[in-house]
Amino acid sequence: MAGNGLDAFVLARESEISMSLDKPYKDIPGTTIFDADQSRKGYWLNQFCMSLMKADNRARFKADERAYLDEWPMSEEQKQAALNRDLNRCIALGGNIYFLAKIGATDGKSFQQMAGSMTGMTEEEYRDMMIHGGRSPAGNRYLGEDGDAQPDRQPQGQADKKGKV
Amino acid sequence: MAKITASVYTSHVPAIGAALDHGKIDEPYWQKVLAGYEFGKQWIRENKPDVIFLVYNDHASAFSLELIPTFALGTAAEFAIADEGWGPRPVPKVIGHPELAAHIAQSAIQDDFDLTLANRMDVDHGLTVPLSLIFGQPEAWPCKVIPFAVNVVQYPVPSGRRCFALGQAIRKAVESYDEDLKVQIWGTGGMSHQLQGARAGLINREWDNRFLDRLIEDPAVLAQMPHIDYVREAGSEGIELVMWLIARGAMADVAGGPIPTVRHRFYHVPASNTAVGHLILENQA
C-alpha cells in the first residue's frame, strides 16, 4: 500500500505529521507504537486475525491452525509466532493488539490474560499488580531508567517456571 | 432547535461488558467499578436525551487494515453489534438518527472537517459498553445514537487540537438543526492503560486525575498536548483520551457560553487492565 510516492508525500508534510517520522515514541520501554511501518509489516498477520471475527473461520482455524495460517501470505516467522501465541513476537512482527485479540478471543482468553502474557507474569501475578493499582510509570517512561518494564528486567514474573500462560 | 444539553465521558473497558453480560456484576471487583455509574443511571432518567452523539473508537471490528478512516460518522438508520471474536454482545442493536447525522455531515464537512460517512458500521464494545454502563440492560436502547468512530489504533491518529476543534464544529452543526432535540455528546475510551509488551498494565493515577481537572477547567490548553505525552504517561492505549476532547469541544463554554456544571466525577483502578474515569458535564439551561 505504500511506496515511494507515499514516502515523498509523508516527507513533504513532515512538519504536520512529525509523529510518524520522528518516532519520538521509540524511547519508551516495552512499548511498540502501531505506526505505518509496523502496519505495513503486519498487514497479513492482522488481516488473518481479523478473519477470526467470523465463527466459521474460528472453527476452521481451531480444527487445523497450520493449514488455516497457510492460506495467508504471512511470513513463516509470523505464522510461528501466532501458533506459539507469542504476542510480544507478533507485535514485533507488525501485529496490533486489537487484531491479535481475535486470536485470544478464539482461545477464550480475556484482554487481561493476553496483556499479562506479554510481561512474563503469571495470571495471578498480573491480576494482583492491577488490583494494587497497576504498573507504576516511575522508571518506565524512558529507556535506560530503572523501572520494571525496562528490557534488562525481563521477564518479570514466574510464568516461565509454571509453564505457558 | 436542537441543543447539546450535556457531555458524558467514560472508559469503555470490554471486560465491563463481559461482566454485565455474564452475570458477574455482583462480584465485589465489579461492584467497585459499577458504583461509580449509579449516579449516571439516575441522572439519565431525569435527563433523557433524544439523541446521543457517541464518540468512540473501533477496535479492529468494523474497520480492518483495508480502510482506516480518521473520523467516521454513522449515517445509517441502524447499526449491528459487532462480533469481536467472542460472539456479539447480547445487547440491543443501535438505532441511528440519519437525518441529524446527515445534517452534521453537511455542516461539518463544509466547515472543513473531511469526515468519512459510514452507512454500514458494526459497533463494538467501544460504543456499547458506555451505553450499558449508563442504561443498564434494557430491551431496546432508550434513545437514538449516532456513532462517531475515531481512529486511535494506527498512527497517525488525530491530534487533541483537531479533536477539540471538531467538537466545536459538531456543536455548531447540532445547534443549527431545526427539530427540537436534546442531544448529548459522549466521549469514551481511556483512561491510562497499556495492553501490550513489557509495560502492559501501566496506570498513572496522578496524570489521569490531572487530565480530568484540565478537561473540566482548561480544555483548550489540554488540547495542545502532543500524542507522545499520552503514550509515555498514560500508556499506549491511553491515547484514546483524545476522543474526550471532541465531546468537551462541543460544550457551550467553548463557544463563549456559560461554564458547564460538573454533575459527577469518578475514578477507579482497576477494571481489567485499565483505569476507569467517568465525568458528567451539563450545559446550563
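Naming: A, B, ... by sequence-line order, numbering from 1 per chain. If you're wondering where the values come from, they're calculated on a predicted model, not measured in any experiment.
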Could you tell me whether the side chain of [Y] reaches within less than 4.5 Å of the side chain of [X], counting heavy atoms only?
X: B:Ile203; Y: A:His132; value: no
X: A:Met130; Y: B:Ser272; value: no
X: B:Leu195; Y: A:Met114; value: no
X: B:Glu237; Y: A:Ile97; value: yes
X: B:Trp207; Y: A:Pro137; value: no
X: B:Arg232; Y: A:Tyr25; value: no
X: A:Asn96; Y: B:Gln154; value: no
X: B:Asp83; Y: A:Lys54; value: no

Starting at [atom1] of [X], measure out to [atom2] of [Y] and round the result to the nearest 0.5 Å.
X: A:Asp148; Y: B:Leu202; atom1: CG; atom2: CG; result: 9.0 Å
X: A:Ile131; Y: B:Tyr29; atom1: CD1; atom2: OH; result: 6.0 Å
X: A:Cys49; Y: B:Leu65; atom1: SG; atom2: CG; result: 9.5 Å
X: B:Arg205; Y: A:Ser136; atom1: CZ; atom2: OG; result: 11.5 Å

Chain B heavy atoms under 4.5 Å from [X]: which part of the residue, side chain, backbone, both or neither?
X: A:Met53; answer: both
X: A:Asn88; answer: side chain
X: A:Asp27; answer: both
X: A:Arg141; answer: both

*asked:* Just checking B:Arg120: does its CZ atom have more than 12 heavy atoms from other residues, nucleotides or ligands closer to it than 6.0 angstrom?
replied: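 No, not enclosed.
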
*Has A:Lys41 got more than 12 heavy atoms of other residues, nucleotides or ligands less than 6.0 Å from its NZ?*
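Check passes, neighbour count above 12.
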
*Under a 4.5 Å heavy-atom cutoff, which of B:Glu233, B:Arg199, B:Gln194 has the most pairs with chain A?*
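Maximum pair count with chain A is reached by B:Arg199.
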
*asked:* Quick check on the interface: out of B:Ser192, B:Gly235, B:Ala234, B:Gly85, who has the most heavy-atom pairs with chain A under 4.5 Å?
replied: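 Maximum pair count with chain A is reached by B:Gly85.
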
Minimum heavy-atom separation for [X] and [Y], please, with both atom names.
X: A:Ala115; Y: B:Ala200; value: O-CB, 3.7 Å
X: A:Phe111; Y: B:Pro14; value: CD1-CG, 3.6 Å
X: B:His59; Y: A:Lys102; value: O-NZ, 3.3 Å
X: A:Phe99; Y: B:Phe63; value: CZ-O, 4.4 Å
X: A:Met129; Y: B:Gly201; value: CE-CA, 3.9 Å
X: A:Ile33; Y: B:Ser236; value: CD1-CB, 4.3 Å

*Portion of B:Glu66 that has a non-hydrogen atom of chain A nearer than 4.5 angstrom*: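 Contact with chain A is through both the backbone and side chain of B:Glu66.
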
*B:Ser61 portion near chain A, given a 4.5 angstrom heavy-atom threshold*: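 When you check distances to chain A, atoms from both the backbone and side chain of B:Ser61 fall under 4.5 Å.
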
*asked:* Can you confirm whether the side chains of B:Gln196 and A:Thr31 place a donor and an acceptor under 3.5 Å from each other?
replied: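 No - no donor-acceptor pair under 3.5 Å links their side chains.
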
*Side chain A:Arg135, main chain B:Ala198, donor-acceptor under 3.5 Å*: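 Yes, because the side chain of A:Arg135 sits within donor-acceptor range (under 3.5 Å) of the backbone of B:Ala198.
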
*Option in A:Gly133, A:Gly120, A:Ala138 with maximal non-hydrogen atom pairs under 4.5 Å from chain B*: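 When all of A:Gly133, A:Gly120, A:Ala138 are compared, A:Gly133 has the most.
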
*Could you give me the CA-CA distance, side-chain angles and deciding distance for A:Tyr98 and B:Asp58, then say whether side-chain hydrogen bond (donor to acceptor under 3.5 Å, both in side chains) is met?*
CA-CA 9 Å; A:Tyr98 292 124; B:Asp58 181 76; over 6 Å; no

